[in-house]
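By convention here, the first residue in the shown sequence is residue 1.
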Amino acid sequence: MKKFTLGLVMLGAFGVAGFAQTSQASEMYRLYNPNSSEHFYSSNAVEKDILTNVGWYDEGIGWQAPDSGTDVYRLYNPNAGDHHYTTNAAEKDVLVGKGWKFEGVSWHSAAENKLPVYRVYNPNAKGAGAHHYTLSAGERDSLVSRGWQAEGIGWYAEGQGRPASDYALLNAPFIDQMEAGMPMGCEAASLLEAMKTKGYAQNYQLSQFIKEMPLAANGNPNDGFAGRPDTIMPGTYQSIFPKPLAQWGSKYGKTADLTGTSTEGLKNQLRKGNPVVIFVTLDFQSPTFGNYFWGTGINNAHVMTLDGFNNKDNTYHVSDPYRGQYWVEGAKFEASYNLKKFAVAVQ
C-alpha cells in the first residue's frame, strides 16, 4: 500500500520534426491521434514509440515498404498540425509554397504491379486528419460512404501490413508483500515481479531483494525509499518514486522510467513483452491527498505490476502484491493511473 507531479502531455495538433528518413526498414507503422483524428505513418520505430508514449494509438503495421523505389515525400503543416504524404514533387512544392514544412523522403513506393495504397480526403476536416492512406479497399469504401473523397492511389506497397495486438498477458508472478512481512513494500515486490517476468533476479526472494532497496535518509521518496518497508510509520510518506526505483532496478536488468507515459504507451510496452511497475491507488479508489515537505502525495497510493490488457473488453491485468492477480475495468484503471502517470518498465 502506498503514495505520490502531474506530467500531463497535451496532444491536439501534434507535429514531430527531425525523424523523416529514407526507408531502411520495411515496416511502416500506422498511428492514430484520438484528439486530432490524424493518422500518422513512419518507418522509424523510435518516432513510433515517442508518439505512443504520449497518447497516440498504435494501430500496427500499415504496409511493407520497399528499400528503394519512387520517393514518398513527407510534409507538415505547422498551422493545422497535419502531415501529408505524396510521391508528386509538384504537389510537394505547391504545399511548401503555402507554408508547409518539407520533412524529407520518408519511405519509397513499390512498382505499380504491387499493392496499391489508397488515398482519401475528408473535405469537412478543419485541421489535422484531412487525408488518410490505407491498403484496405474496404476501409477506403467505408470512409467514402461517410463523405470522404476517393483520390485514387497514393503509392504502392511491397507487402501487407498487420494490425497491432489487442491483447497481451505476460503472466507476471505474484509476490505477496504481506507474507514477507512488508506492509509498505509494494514497490519492491512489484519491481521483483516485473524483474522475474523478464528473467532477471531469479535467485531473489522479496525478503532478500528489499534489503538492497535504496533508502532516503532525508525522507524524500524522490531520492529513495522514505521510512521502512516493514513498519507503518505515521507522518512519513513511505514510498520510492519512479526515478530512484528505475535506478535501483537497473542493477539487475534493463529498466526505464516511463513517468508521463499514456496508457497507450503502457500497452505498447506490453506488446513488446515488457511488464510495467505502475503507481495507482489502493483498490483503484478515489485519491486522498496529503501535503509533505517535498510536495503533495496521494495517501492511499499503491504500486503493482501491469502485465496485460485486453482491448476487446477494455480491461487491464495486474499482479498486485497486496491483493493478488486480477483484471481491472479500463476506466477505473486509467483514472487511477492518470493521477500521476508514474511507471517503470522492465525491458
When you look at Asp58 and Lys267, which way does the salt bridge (charged side-chain N to carboxylate O under 4.0 Å, His left out) test go after all the steps?
-> CA-CA 9 Å; Asp58 179 0; Lys267 291 177 182 179; over 6 Å; no
With under 30° as parallel and over 60° as perpendicular, where do the rings of [X] and [Y] fit, or are they tilted in between?
X: Tyr32; Y: Tyr57; answer: tilted
X: His131; Y: Tyr121; answer: tilted
X: Phe333; Y: Tyr337; answer: parallel
X: Trp107; Y: Trp63; answer: perpendicular
X: Phe209; Y: Tyr252; answer: tilted

Verdict with reasoning, Leu95 to His84, per side chain to side chain contact (heavy atoms under 4.5 Å, CB included) | CA-CA 9 Å; Leu95 292 176; His84 186 68; 3.4 Å; yes
How about Tyr118 and Trp155: are their ring centres within less than 6.0 Å of each other?
-> no
Does either side chain, that of [X] or that of [Y], offer a donor lying less than 3.5 Å from an acceptor on the other one?
X: Asn300; Y: Thr281; value: no
X: His302; Y: Asp283; value: no
X: His83; Y: Glu38; value: yes
X: Tyr316; Y: Glu329; value: no
X: Asn218; Y: Asp223; value: yes
X: Lys243; Y: Asn222; value: no
X: Thr315; Y: Asp313; value: yes
X: Asp257; Y: Thr259; value: yes
X: His132; Y: Tyr41; value: yes
X: Thr87; Y: Thr70; value: no
X: Asp49; Y: Asn268; value: yes

If the threshold is 4.0 Å, N to carboxylate O, is there a salt bridge linking [X] and [Y]?
X: Arg162; Y: Glu59; answer: no
X: Glu139; Y: Arg30; answer: yes
X: Glu91; Y: Arg119; answer: yes
X: Arg74; Y: Glu47; answer: yes
X: Arg140; Y: Glu151; answer: no

Can you tell me how far apart [atom1] ([X]) and [atom2] ([Y]) are? Round to the nearest 0.5 Å.
X: Ile210; Y: Leu192; atom1: CD1; atom2: CG; result: 9.5 Å
X: Asp307; Y: Leu169; atom1: CG; atom2: CG; result: 5.5 Å
X: His317; Y: Trp327; atom1: NE2; atom2: CH2; result: 6.0 Å
X: Lys341; Y: Thr263; atom1: NZ; atom2: OG1; result: 7.5 Å

Can you name the side-chain hydrogen bond (donor to acceptor under 3.5 Å, both in side chains) partners of Tyr200, sequence neighbours left out?
-> none
Heavy-atom closest pair, residues [X] and [Y]:
X: Glu187; Y: Met184; value: OE1-O, 3.6 Å
X: Pro173; Y: Lys196; value: CG-CB, 4.0 Å
X: Val72; Y: Ser109; value: CG2-N, 3.9 Å
X: Gln177; Y: Leu206; value: CA-CD2, 3.9 Å
X: Pro229; Y: Phe225; value: N-CE2, 3.5 Å

Does NZ or CZ of Lys92 come closer than 6.0 Å to the centre of the six-membered ring of Tyr73, within 45° of the ring's axis?
->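 Yes, a cation-pi geometry.
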Tyr156 ring centre to Lys114 NZ or CZ under 6.0 Å, with the angle to the axis within 45°?
->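 That pair does not qualify as a cation-pi contact.
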Under 4.5 Å between any side-chain heavy atoms of Val346 and Thr197, yes or no?
->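 A side-chain contact is absent here, since even the closest heavy-atom pair is not under 4.5 Å.
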Taking [atom1] in [X] as the centre, count heavy atoms belonging to other residues, nucleotides or ligands within less than 6.0 Å. Is the count above 12?
X: Glu112; atom1: CD; result: no
X: Gln285; atom1: CD; result: yes
X: Lys272; atom1: NZ; result: yes

Could you walk me through whether Ser319 and Glu193 pass the side chain to side chain donor-acceptor pair (under 3.5 Å) test, one step at a time?
-> CA-CA 8 Å; Ser319 185; Glu193 288 176 340; 3.1 Å; yes
